[in-house]
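This structure is a prediction, so every number in the text was calculated from the model and none was measured. Hydrogens, waters and symmetry mates are skipped; everything else that's a heavy atom, side chains included, is used. Just so it is clear: chains get the letters A, B, ... in the order the sequence lines come, proteins before strands, and each one is counted from 1.
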Number of protein chains: 2
Amino acid sequence: MSEIQRPGALYQQVAAAIREAILSGEFAPDSLLPSEAQLMARYGVSRPTVRNAIAALRAEGLIDVRHGKGSFVRSSGQPVLTIERGISRTADGTFVMPGGDIWQEAEEPSTYRTRTTKATGRLLQLGGEEALFGCDRLLVDPGTGTRALHRTLLPFEVAEAVPLLAEEPCMHPAEIYRLLTQDGHKLTWAETVRAHMPLPDERTTLQLPDATPVLHVARVAHGTDGRPLFLEELRFGADRAELAYRITADKQATRRARA
Amino acid sequence: MSEIQRPGALYQQVAAAIREAILSGEFAPDSLLPSEAQLMARYGVSRPTVRNAIAALRAEGLIDVRHGKGSFVRSSGQPVLTIERGISRTADGTFVMPGGDIWQEAEEPSTYRTRTTKATGRLLQLGGEEALFGCDRLLVDPGTGTRALHRTLLPFEVAEAVPLLAEEPCMHPAEIYRLLTQDGHKLTWAETVRAHMPLPDERTTLQLPDATPVLHVARVAHGTDGRPLFLEELRFGADRAELAYRITADKQATRRARA
DNA sequence: AGTCATCACTCGTAAGGACAAGTGACGTCA
DNA sequence: TGACGTCACTTGTCCTTACGAGTGATGACT
């Protein structure tokens, strides 16, 4: 049994030993770690201690544990899917999202009416309890199996100003952008990117492994007057997909971040 | 004692009950949850079961536990800091990062020499084991206390082509962009955004709470010929900060995502 | 009045035992 | 030979007990 003594708690010492072995390549990716019983013997500790150490490594995303089989080193491979966040416009005035054609809808879109929350109100710069059309889509990339949640939120106020919108508030974002442009708006977009840990239901629908954060990108379309018109959100597991942006240098600008 | 019975494991039922109470607002943000002993009595379960339930909620980022005090509902407030990812160029040819002046260096930059890994090699489109200058900075936003890790990676090959670069490979990115531009390159940038759970040391240096993912953005500067010249990375906790991009519609483009 | 020890409360760590549940291989039986 | 039951191995769940450690208030002592 290999002794250990350095830092704080016993289980942290065990976790540190295993972590080191993984990061140094001693345990190859996808390989099977020693079983709990073996680790108990190896480090001379009880089962709760071993399980505590394993729980720590699991929370770090270093290992995957499968009931009845054992613990496996997670293969922290490169992302399988790169989601390009640009917007193009073809000669005939329609909008095209690069890579936007990879997604298939796994379910029928669900439409609903809702009101601004603190978060969506901030993005849309709407006060208290503005009414919104909502539309949720569960998307799947058949190539990689990656799942994503897509949501559009359209203020009543905006929908009413553009007749066709109010009738069918759950159309594809590119269609909405086209209608807004036809209505006289020259659109610009602002995106904000955040990450958080999923709640259990989100974990289920996105089919996420342990310790997998959710990347959450919100795209707000702004009209000619700079007022937010429309919100488009996308969420997906950060284990397999990444976001990509292209940037070119502005001349001279001294823009300031929104509060 | 309020009975529960629905789904799988006991501790999951307890966790679900508490989670529901939190999400429904029954337990307000920042408020103190019942102690472990109280929860044991309330649900008629043992301490490990209660602790297991609490561990689950902790991993979801719903609560914060403070030794000797109790469990608190995490206030999932809006991000305190918005990191604008644009690049501007003033009339005299210098580059300016919007909001780039908020950061202060918490430590002296550390410079080193290294080689491409699988990840950095992919971004820089370099094969096997290319040599790189590295420079790490620990940044702090004095306003919010947000900490971030900044890293620049410069291939030897590029540094040698631009004399001033090789002498001082740890200068500010804006300076490097200026030198590369003076060298005749018309730069464009590509950014990729990922998220992952921090390892213990990363957690420490960024001072992250439990269940807080790290947002990881990599900016690659491409030269006139489209070849990657320089890599700039930024990592920070997703609990307090978010990324922001501005997008305008391209004409006609049919760009394709990189493999 | 002020200082400090004590105490009661909190969560953290560690051990032990017992049984349930998933997995796969082995061996028996038809 | 094939199908199926059994068994050994794995992790998952749950309980009991015990003590360590951080926190804040109470109260005694100076």
Side-chain angles (χ1 to χ4, degrees), chain A residues 1 3-18 22 27 30-74 200 203-204 209-211, chain B residues 1 3-18 22 27 30-74 200 203-204 209-211:
Chain A
M1 101 175 92
E3 293 299 338
I4 37 184
Q5 49 234 18
R6 292 298 192 266
L10 243 187
Y11 80 93
Q12 285 174 345
Q13 301 174 28
V14 176
I18 303 175
I22 292 176
F27 292 119
D30 287 321
S31 69
L32 183 60
L33 257 60
S35 72
E36 294 179 358
Q38 290 169 329
L39 291 174
M40 288 168 63
R42 187 129 127 76
Y43 297 109
V45 297
S46 70
R47 187 155 175 240
T49 300
V50 166
R51 282 185 67 77
N52 213 343
I54 287 183
L57 299 175
R58 218 211 273 228
E60 294 167 21
L62 277 180
I63 63 177
D64 276 317
V65 180
R66 273 177 278 179
H67 189 176
K69 304 191 67 173
S71 302
F72 297 81
V73 180
R74 183 176 286 185
R203 255 197 74 173
T204 305
D210 270 347
Chain B
M1 109 175 85
E3 291 300 337
I4 38 182
Q5 50 235 15
R6 293 300 193 268
L10 243 187
Y11 79 93
Q12 285 174 345
Q13 301 173 28
V14 176
I18 303 176
I22 292 176
F27 292 120
D30 286 322
S31 69
L32 183 60
L33 258 60
S35 73
E36 294 179 357
Q38 289 170 330
L39 292 174
M40 288 168 64
R42 186 132 129 75
Y43 297 110
V45 297
S46 71
R47 188 155 172 237
T49 301
V50 166
R51 282 186 66 80
N52 214 343
I54 287 183
L57 299 175
R58 218 211 274 232
E60 295 167 21
L62 277 181
I63 64 177
D64 276 317
V65 181
R66 272 177 281 179
H67 189 175
K69 303 192 66 170
S71 303
F72 298 81
V73 179
R74 183 177 286 186
R203 253 197 76 174
T204 305
D210 272 345

Worksheet item: Side chain of A/R66, base of D/dG12: donor and acceptor closer than 3.5 Å?
Response: no
Item to complete: Let me know the distance between CZ of A/R51 and P of C/dA15, rounded to the nearest Å.
Response: 15 Å
Fill in: Integer-rounded Å distance: C/dA14 P and A/Y11 OH
8 Å
Discussion item. Is the phosphate of C/dT13 approached by A/T49 (side-chain N or O, under 4.0 Å from OP1 or OP2)?
Written reply: no
Worksheet, complete the sentence: So CZ of B/R42 and CD1 of B/I18: to nearest 0.5 Å the spacing works out to 8.0 Å
Fill in: Gap between atoms CZ and P, on B/R47 and D/dT16 respectively (whole Å)
13 Å
Discussion item. Can you tell me which residue among A/R74, A/R66, A/R203 is in a salt bridge (charged side-chain N to carboxylate O under 4.0 Å, His left out) with A/D210?
Written reply: A/R203
Worksheet item: Want to settle it: does B/P48 or B/P34 sit nearer the 5' end of DNA chain C, counting the closest nucleotide to each?
Response: B/P34
Discussion item. How close do B/L32 and B/G70 get, counting heavy atoms only, and between which atoms?
Written reply: CD1-CA, 3.9 Å
Fill in: C/dG16 phosphate, OP1 or OP2, under 4.0 Å from A/S46 side-chain N/O
no
Discussion item. Looking at A/Q12 and A/A53, would you say the former's side chain and the latter's main chain have a donor-acceptor pair under 3.5 Å?
Written reply: no
Discussion item. What is the separation between atom CG on A/L32 and atom P on D/dC9, rounded to the nearest whole Å?
Written reply: 15 Å
Worksheet, complete the sentence: Of the candidates C/dT13, C/dG12, D/dC15, the side chain of B/V45 sits closest to D/dC15
Fill in: Distance in angstrom units between B/Q13 CD and D/dT13 C1', rounded
12 Å
Fill in: Whole-Å gap separating C1' (D/dT10) and CZ (A/F72)
10 Å
Response to the item:
Whole-Å distance, A/D64 CG to D/dT11 C1', equals 14 Å
Worksheet item: Atom NZ of B/K69 to atom P of D/dT23: distance rounded to whole Å?
Response: 8 Å
